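For reference, the structure discussed in these notes is given below.
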Amino acid sequence: MPQTPRRNQEDFYLDVYAVVQCVPPGRVTSYGAIAEFLGSKGAARLVGYAMNALPLYQRNDVPAHRVVNRNGLLTGKHHFGEPNRMQELLEAEGVVVQDDQVQDMDRVFWHPSHHLTDTI
DNA sequence: ATACTGACTAGAA
DNA sequence: CTTCTAGCCAGTA
């Protein structure tokens, strides 16, 4: 997981996908956290854009449903085809979702730099 | 080139 | 508590 500043947009996209792939099942992270980890703090919108540009052939490898906004709101749910698909995927991993919002964010939130010291 | 949009966020009012 | 503002960056019109 590169912690170096953005080199170019293509690598940035790939880095975003790589980070998302590191999110353990049952945990979630935020767009801003990913951006910050990649050295582009404040580029949260770009992370969202990267997810939007996630190629279909990679959707099986990248758990996009584990990325929510910093409040735990499922802001990307409209990109999963069915309205509650994202919630179903999360709940299948044990994440409690209510009103399109992840509950117990403090316990479930996963920060990229904490991947070694995560306590489930 | 400007203007607006969006799977965002932190801080101010 | 809520809503607003200003940043953020790529893509589109």
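All figures in this text were calculated on a predicted structure; none of them were measured in a lab. To find a chain, count down the sequence lines: A is the first, B the second, and so on, and within it residues start at 1.
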Could you list the residues that satisfy salt bridge (charged side-chain N to carboxylate O under 4.0 Å, His left out) with A/Glu88, not counting sequence neighbours?
-> none

Can you name the salt bridge (charged side-chain N to carboxylate O under 4.0 Å, His left out) partners of A/Asp100, sequence neighbours left out?
->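 Only A/Lys77 meet the salt bridge (charged side-chain N to carboxylate O under 4.0 Å, His left out) criterion with A/Asp100.
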
Decide if atom CZ of A/Arg85 counts as having more than 12 heavy atoms of other residues, nucleotides or ligands within a radius under 6.0 Å.
->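 Not buried by this count: 12 neighbours or fewer within 6.0 Å.
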
Nearest 0.5 Å please: distance from the CZ atom of A/Phe12 over to the CG atom of A/Leu46.
->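 CG of A/Leu46 is found 4.5 Å from CZ of A/Phe12.
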
Spacing of A/Asp15 atom CG and A/Ser40 atom OG [to the nearest 0.5 Å] |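 So the gap between those two atoms works out to 9.0 Å.
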
A/Phe109 side chain reached by A/Asp104 side chain, heavy atoms, under 4.5 Å = no

Under a 4.0 Å heavy-atom criterion, the protein footprint on nucleotides 7-13 of chain B, written with B, S and -, is BBSS---

Scan residues 88-96 of chain A against DNA chain B and write down, sorted by residue number, each residue with any heavy atom closer than 4.0 Å; if none is found, say none.
-> none

Provide the distance between the two P atoms, one in B/dA7 and one in C/dT2, to the nearest whole Å.
->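 My reading of the P atoms in B/dA7 and C/dT2 gives 22 Å.
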
Of all residues at least two apart in sequence or in a different chain, which pass the side chain to side chain contact (heavy atoms under 4.5 Å, CB included) check with A/Pro55?
-> A/Tyr17, A/Tyr57, A/Gln58

Between side-chain atoms of residues 62-72 of chain A and protein atoms elsewhere (two or more places apart, or another chain), which donor-acceptor pairs fall under 3.5 Å?
from, atom 1, to, atom 2, distance (Å)
A/His65, NE2, A/Glu93, OE2, 3.1
A/Arg66, NE, A/Glu93, OE1, 3.1
A/Arg66, NE, A/Glu93, OE2, 3.2
A/Arg66, NH1, A/Val23, O, 2.8
A/Arg66, NH2, A/Glu93, OE2, 2.7
A/Asn69, OD1, A/Asn71, N, 3.1
A/Asn69, OD1, A/Gly72, N, 3.1
A/Asn69, OD1, A/Leu73, N, 2.8

